[in-house]
Amino acid sequence: MVVDHKPYTCRLFRDEMISKFIFTKILGWKLIGEFPKDVKKFVVIGAPHTSWKDFPIAILARDSFGIDIRFIGKKALFKPPFGFLFRWLGGTPVDRTSSNDKVKEIIQLFNKQETFYLAMSPEGTRKKVTQWKTGFYYIAKGANVPIVMFTLDFGAKQVAISPPYYPTENKEKDFDAFHSFYKGVKGANPELF
């Protein structure tokens with residue numbers, strides 16, 4: 001079950017100039033591309049997800065663009081003592097033990113909002129996987145929104161953002177396009193991607 005969907009209130013990292021300075025000048029990362037400004041709703045898929053380091057890099061990159069992209073995480077992350085931090089940064093806890101249809105619930109979140117952006121990891125874990133989860137895909141299709149791909153390339157120290165990709169009726173073709181965008185990208189732990 002998706003627990004809440006209130007807008008996040010982090011102001012420290014939401015300052016685009018501070019975030020971009022930290023991201024590019026202090027950490028030495030590059031931003032390639034931009035999030036679409038003319039699309040009011042989309043699902044962001046961020047990969048590879050191989051380390052705890054992905055989270056702060058993704059947050060700084062997001063805030064460098066000044067866009068309110070939300071994320072979901074397992075409910076355990078939102079418990080004390082650090083739960084408030086994940087909420088503050090835009091997180092929404094998800095109860096993975098619930099038998100509720102999470103895809104349907106998230107589609108309803110998209111349908112209720114005038115503007116809504118949600119980031120997800122297609123791998124669903126930091127461990128090595130042989131196949132991506134499909135929830136993000138069915139959420140995008142069900143909410144009739146595009147998918148924006150977001151790389152976490154620790155090899156090139158860059159985040160690349162794709163143009164919006166609208167899922168077709170050919171799932172295999174769509175996933176080929178997704179995997180193609182991430183080809184050659186190195187995660188923080190490359191052996192896990």
Side-chain angles (χ1 to χ4, degrees), residues 7-39 42-74 76-78 81-92 115-130 132-133 136 140 146-165 175-193:
Y8 72 97
T9 56
C10 172
R11 292 294 174 240
L12 174 64
F13 295 112
R14 293 245 359 255
D15 185 294
E16 292 172 45
M17 292 182 67
I18 293 172
S19 296
K20 195 175 272 190
F21 179 79
I22 293 168
F23 191 75
T24 60
K25 303 298 183 198
I26 295 176
L27 299 178
W29 279 64
K30 294 178 277 195
L31 298 166
I32 312 294
E34 288 192 21
F35 288 103
K37 294 185 179 4
D38 58 340
V39 180
F42 52 79
V43 173
V44 178
I45 56 171
H49 183 30
T50 63
S51 166
W52 65 268
K53 298 173 193 172
D54 303 337
F55 183 74
I57 292 297
I59 293 293
L60 278 169
R62 173 199 70 186
D63 291 348
S64 294
F65 289 100
I67 186 168
D68 288 338
I69 299 174
R70 304 294 314 271
F71 64 90
I72 57 174
K74 60 185 175 184
L77 291 174
F78 295 85
F82 299 109
F84 79 94
L85 179 63
F86 289 104
R87 285 182 195 276
W88 184 61
L89 290 171
T92 298
T115 303
F116 191 63
Y117 313 116
L118 180 68
M120 303 178 78
S121 166
E123 296 139 308
T125 181
R126 290 180 303 217
K127 299 174 186 163
K128 186 167 182 70
V129 297
T130 56
W132 282 2
K133 304 277 186 187
F136 76 91
I147 294 167
V148 175
M149 293 164 267
F150 177 98
T151 65
L152 293 161
D153 192 339
F154 282 77
K157 285 187 87 171
Q158 70 182 26
V159 164
I161 300 162
S162 77
Y165 182 93
F175 272 78
D176 285 346
F178 303 146
H179 292 300
S180 176
F181 185 77
Y182 292 96
K183 190 173 184 173
V185 173
K186 290 191 164 97
N189 294 311
E191 70 279 4
L192 299 179
F193 186 61

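Contact annotation: the side chain of Asp63 never approaches that of Phe23 to less than 4.5 Å [non-hydrogen atoms, C-beta and beyond]. A 4.5 Å side-chain heavy-atom check between Ile72 and Met120 finds at least one atom pair inside the cut-off. Side-chain contact between Leu60 and Val159 is absent, with no heavy atoms from C-beta onward closer than 4.5 Å. Counting heavy atoms from C-beta outward, Trp29 and Leu31 have side chains that stay 4.5 Å or more apart.
Ile32 contributes atom CD1, which lies 13.5 Å from atom OG of Ser162 (distance to the nearest 0.5 angstrom). Distance CZ/Phe55 to CG/Leu77: 8.5 Å, rounded to 0.5 Å.
No side-chain donor-acceptor contact under 3.5 Å links Ser180 to the backbone of Asp176. Of the possible polar contacts, none joining the Arg70 side chain to the Leu118 backbone as a donor-acceptor pair under 3.5 Å is found.
Among residues two or more places apart in sequence or in another chain, the side chain to side chain donor-acceptor pair (under 3.5 Å) test is passed with Lys37 by Glu34. With sequence neighbours excluded, the residues satisfying side chain to side chain contact (heavy atoms under 4.5 Å, CB included) with Ala188 are Thr50, Ser51, Lys53, Asp54, Phe154. Applying the ring pair (Phe, Tyr, Trp, His ring centres under 6.0 Å) criterion to Tyr165, with sequence neighbours excluded, gives Phe178. The side chain to side chain contact (heavy atoms under 4.5 Å, CB included) check on Thr115 picks up Lys40, Tyr117, with sequence neighbours excluded. Every residue two or more places apart in sequence or in another chain that forms a side chain to side chain contact (heavy atoms under 4.5 Å, CB included) with Leu85 is listed here: Trp88, Leu89.
Residue pairs meeting the side chain to side chain donor-acceptor pair (under 3.5 Å) criterion with at least one member in residues 149-158: none, sequence neighbours excluded.
For Tyr182 and Phe175, the gap between ring centers reaches or exceeds 6.0 Å.
Among all heavy-atom pairs drawn from Pro164 and Val39, the shortest one is CG-CG2, 4.2 Å. Taking each heavy atom of Gly46 and Pro122 in turn, the nearest pair found is O-CD, 3.3 Å. Nearest approach of Val185 to Ala47, heavy atoms of both residues: CG1-O, 4.5 Å. Closest approach of His49 and Glu123 over heavy atoms only: N-OE1, 2.8 Å.
The aromatic rings of His179 and Trp132 sit tilted relative to each other, their planes meeting at an angle between 30° and 60°. Between Phe65 and Phe35, the ring-plane angle classifies as perpendicular under the 30° and 60° cut-offs.
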